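Only one structure is covered here, and it is reproduced in the block below.
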Amino acid sequence: MTTRVRFAPSPTGYLHIGSARTALFNYLYARHTGGKFLLRVEDTDRQRSTEESLQSILEGLKWLGFAPDEEIVFQSNNADKHRAAALKLLEEGKAYRDFTPKAEPTDKNIKDSIAEKARQNQGEKSMRDNEYRDLSKAESDERAAKGEPFAIRLKVAESGKTSFEDAVYGLNERDYSETEDLVLLRSDGHPLYNLAVVCDDIEMEITDVIRGQDHLTNTHKQILIYEALGEKPPRFAHLPLILAPGGKKLSKRIHGEIVSMTTYRDAGFLPEAFRNFLALLGWSAGEEQEIYKLDELIEKFSLDRIHKSNATFNFDPTSAKHWTDDKAIWMNAEYIRAEPLEKLLPSVKAELKSAKLWRDEYEDDDKAWFEKTVDLIRERFFTLKDFSTQGRAYFSEDFDFDEKAVQKNLKKFPDLQKWLPELAEKFEPMESFTHDEIEAVVKDFTEEKGAKLGVIMNGARTLLTGLAVGPSMLAIFETLGKEKSVMRLKSQIGWNL
RNA sequence: GGUCUGUUCGUCUAGGGGUCUAGGACACCGCCCUUUCACGGCGGCGACACGGGUUCAAAUCCCGUACAGACUACCA
């Protein structure tokens with residue numbers, strides 16, 4: 001049987017890092033086993049689901065390159081089937097009607113009030129003491145017929161336990177006494193999560209459920225539903241969580257955009273780099289390699305090498321340099337300089353386009369120049385954004401001067417204000433403007449002035465690119481060409497800062 | 001409160017009784033390379049949560065404790 005896995009986000013927010021990693025692992029597992037990767041949108045919470053979230057999630061998945069192998073399933077479309085399943089269990093006596101009026105949730109923190117209630121019930125109430133649990137069928141039917149509202153609860157057996165072998169966490173067991181008679185269908189007819197998930201997974205013929213560890217206890221409830229329905233549960237693999245620094249839960253409410261996938265796309269990350277980073281959060285191949293191309297990830301991925309302990313996604317919102325996980329940034333830089341140039345070019349093009357620095361000649365008459373330039377400057381870039389910011393001077397005359405660079409490399413050596421335009425004049429008559437010739441001219445000039453080579457070079461770098469850092473100066477001259485080099489050396493813009 | 005799960009450098013991790021004076025990566029620091037910065041090279045800092053067992057031997061097995069997380073809804 002071919003494996004079928006699903007990624008099942010609920011559209012109540014954008015695709016965040018933890019979900020993206022879950023999607024990745026599902027995807028890798030599907031590809032590794034030659035199975036199918038499916039997408040199911042769990043949009044049954046009408047209050048919180050939004051179209052905007054859905055689009056954000058779809059965009060994030062698209063960016064990461066995880067296209068579902070079959071049509072997207074929307075859980076809300078299956079509500080009738082979920083209801084039918086609940087009714088069937090009711091009919092078979094495996095579930096019962098609970099006529100207890102629905103308790104309105106307290107207005108304060110829901111989680112806290114639930115824990116509070118659990119504390120109070122401690123030792124006093126059994127999970128089975130619902131007064132309607134053993135109501136006769138006749139009476140139950142009669143009250144229902146009269147229009148009295150009811151929820152449908154699963155009738156969990158008095159004694160026994162649920163157990164399953166998790167691919168990551170091993171054998172999990174839970175005594176029935178720990179599980180309440182869970183509600184399958186709300187009194188307004190709305191099917192609840194655990195029922196919906198089980199029904200959909202059955203219908204979609206899911207063989208392996210790979211999801212966050214926060215569902216570990218839900219799994220027991222779901223197994224109870226599978227059993228009641230007379231279906232065989234799929235295999236389960238629960239993933240460790242991705243936490244915020246300090247070991248707290250990563251939440252969009254307190255951590256903001258840092259957790260959203262689109263943030264990384266917009267910040268100039270390469271999807272392959274981010275995928276690589278994500279893959280190593282909670283999984284490792286057990287070797288000292290760090291860089292894995294997708295094919296390699298697919299080949300090496302296995303559920304049994306997923307960790308049990310949660311990982312911390314490290315970032316520092318107060319730092320411009322460490323705004324997100326250092327390793328993610330490093331990995332992105334690694335991909336930017338190591339990817340085959342032709343694979344990187346489209347991304348650079350997109351970046352330059354969005355910064356209005358793109359010219360169609362770069363794919364035509366100036367193709368060779370463009371490729372050479374990208375290859376030259378990518379060496380020290382971290383994100384695609386750097387091409388339009390730090391690399392701006394290579395594509396436009398309208399670039400900024402870094403004040404510190406001007407101080408350090410220009411104003412500290414006032415002679416340069418006269419010398420650099422003079423150097424430009426030496427360049428002007430040159431027929432061939434390439435590395436060796438430029439070098440000879442610059443060296444002669446330096447000797448003539450009795451100056452230090454570094455002073456001339458650094459001054460030129462700042463005047464030509466606005467920066468104190470960058471590639472070899474001779475390469476910059478050659479890349480920019482004679483005309484621009486001469487023009488910028490003579491320009492006073494940098495000096496007038 | 002209860003149930004379950006987890007705990008190796010700041011972070012991601014290797015490790016499954018002896019090869020561990022615990023390996024790698026990122027970050028940080030230093031040196032080298034260099035016209036600058038980066039890359040690269042070399043080196044440094046830095047961890048087995050704690051306490052008891054078991055064993056000739058424990059980061060590795062067992063038990064406690066601490067801490068963390070999940071669940072404990074007519075949310076998903």
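Lettering follows sequence order; numbering is per chain, from 1. Nothing here was measured: the structure is a model prediction, and the numbers come from that model.
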Using whole Å, what does the distance between atom C1' of nucleotide B:C28 and atom CD1 of A:I329 come to? 14 Å

Which base, if any, makes a Watson-Crick or G-U wobble pair with B:C71, both distances under 3.5 Å? B:G2

How is A:T100 classified with respect to the nucleic acid when contacts are heavy atoms under 4.0 Å: base, sugar-phosphate, or nothing? base

Rounded to the Å, how far apart are A:R48 CZ and B:A76 P? 8 Å

Is the base of B:C4 touched by the side chain of A:T217 through a donor-acceptor pair closer than 3.5 angstrom? no

When we call it a touch if two heavy atoms are under 4.0 Å apart, what does A:P471 touch: a base, just sugar-phosphate, or nothing? base

Side chain of A:E334 - closest among B:A25, B:G69, B:G40: B:G40

Which part of the nucleic acid does A:K221 contact within heavy-atom distance under 4.0 Å: base, sugar-phosphate only, or nothing? sugar-phosphate

Only one of A:F236, A:Y226, A:Y169 forms a ring pair (Phe, Tyr, Trp, His ring centres under 6.0 Å) with A:F164, so which one is it? A:F236

Under the salt bridge (Lys or Arg N to Asp or Glu O under 4.0 Å) criterion, do A:K221 and A:E180 qualify, and how do the steps go? CA-CA 9 Å; A:K221 300 181 185 178; A:E180 80 280 12; 3.3 Å; yes

Nearest-angstrom distance, C1' atom, B:C32 to B:C37: 16 Å

Nearest listed nucleotide, side chain of A:E288, among B:A76, B:A68, B:G24: B:G24

Does B:U35 have OP1 or OP2 under 4.0 Å away from a side-chain N or O of A:R461? no

Would you verify whether the NZ or CZ of A:R143 falls within 45 degrees of the ring axis of A:F99 while also being under 6.0 Å from that six-membered ring's centre? yes

Whole-angstrom distance between B:G10 and B:U5, as gauged at atom P: 28 Å

Who pairs with B:G40 - Watson-Crick or G-U, where each distance is under 3.5 Å: B:C32

Is A:Q213 touching bases, backbone alone, or none of the nucleic acid, heavy atoms closer than 4.0 Å? sugar-phosphate

Look at A:H190 and B:A76 and indicate whether a side-chain polar atom (N or O) is within less than 4.0 Å of OP1 or OP2. yes

Whole-Å gap separating C1' (B:A14) and CH2 (A:W283): 13 Å

Round to a whole Å and report the spacing from CG of A:L474 to P of B:U36. 13 Å

Side chain A:R174 and base B:C4 donor-acceptor under 3.5 Å: no

B:C61 -> Watson-Crick or G-U wobble partner, both distances under 3.5 Å, gives B:G53

Which of A:L89, A:L192, A:V198, A:N194 passes side chain to side chain contact (heavy atoms under 4.5 Å, CB included) with A:L184? It is A:L89

Per the atom types in the model, does the base of B:A70 pair as donor or acceptor with the side chain of A:N310 at under 3.5 Å? no

Distance test, side-chain N/O of A:R305 to OP1/OP2 of B:A14, below 4.0 Å: yes

A:S309 side chain: which of B:A76, B:U36, B:U7 is closest? B:U7

If you only use heavy atoms from C-beta on, which nucleotide in B:A76, B:C26, B:C12 is closest to the side chain of A:T44? B:A76

Indicate, with a heavy-atom threshold strictly under 4.0 Å, whether A:G247 touches base, sugar-phosphate, or nothing. sugar-phosphate

Among B:G24, B:A70, B:G69, the one nearest A:K249 by side-chain distance: B:A70

For the C1' atoms, the ones on B:C63 and on B:G69, what distance do you get once it is rounded to whole angstrom? 22 Å

Phosphate OP1/OP2 of B:C74 contacted by A:S187 side-chain N/O (<4.0 Å): no

Of the listed nucleotides B:A76, B:A68, B:C12, the one nearest the side chain of A:R186: B:A76

What distance separates A:F401 CZ from A:W495 CH2, expressed to the nearest 0.5 Å? 10.5 Å

With a 3.5 Å limit on both atom pairs, tell me what B:G17 is paired to, counting Watson-Crick and G-U wobble, or say none. none

Side chain of A:D214 only, please: which of B:A70, B:U36, B:A76 is the nearest? B:A70

Touch check for A:K321, heavy atoms < 4.0 angstrom, all strands: base, sugar-phosphate only, or nothing? sugar-phosphate

Taking the P atom in each of B:U34 and B:A22, what is the distance between them to the nearest angstrom? 36 Å

Measure from the side chain of A:L192, starting at C-beta and using heavy atoms only, and say which of B:U36, B:C75, B:U13 lies closest. B:C75

Heavy-atom closest contact (A:A144 atom, A:R97 atom, distance): CB-NE, 3.5 Å

Can you tell me the pairing partner of B:C45 across any strand shown, Watson-Crick or G-U wobble, with both distances under 3.5 angstrom? none

Could you check whether A:Q75 and A:D43, counting side-chain N and O atoms only, form a donor-acceptor pair closer than 3.5 Å? no

What contact category does A:N409 fall into here, base, sugar-phosphate, or nothing, at under 4.0 angstrom with non-hydrogen atoms? nothing

Paired nucleotide for B:C9 [Watson-Crick or G-U wobble; both distances under 3.5 Å]: none

Would you indicate, yes or no, if B:G6 has its OP1 or OP2 atom less than 4.0 angstrom from a side-chain nitrogen or oxygen of A:H307? no

I'd like to know if the side chain of A:N310 and the backbone of A:P240 have a donor-acceptor N/O pair within less than 3.5 Å. no

Classify A:G282 by what it touches in the nucleic acid, base, sugar-phosphate, or nothing, heavy-atom distance under 4.0 Å. sugar-phosphate

Please pick, from B:U11, B:U35, B:C71, the nucleotide with the shortest atom-to-atom distance to any side-chain atom of A:S472. B:U35

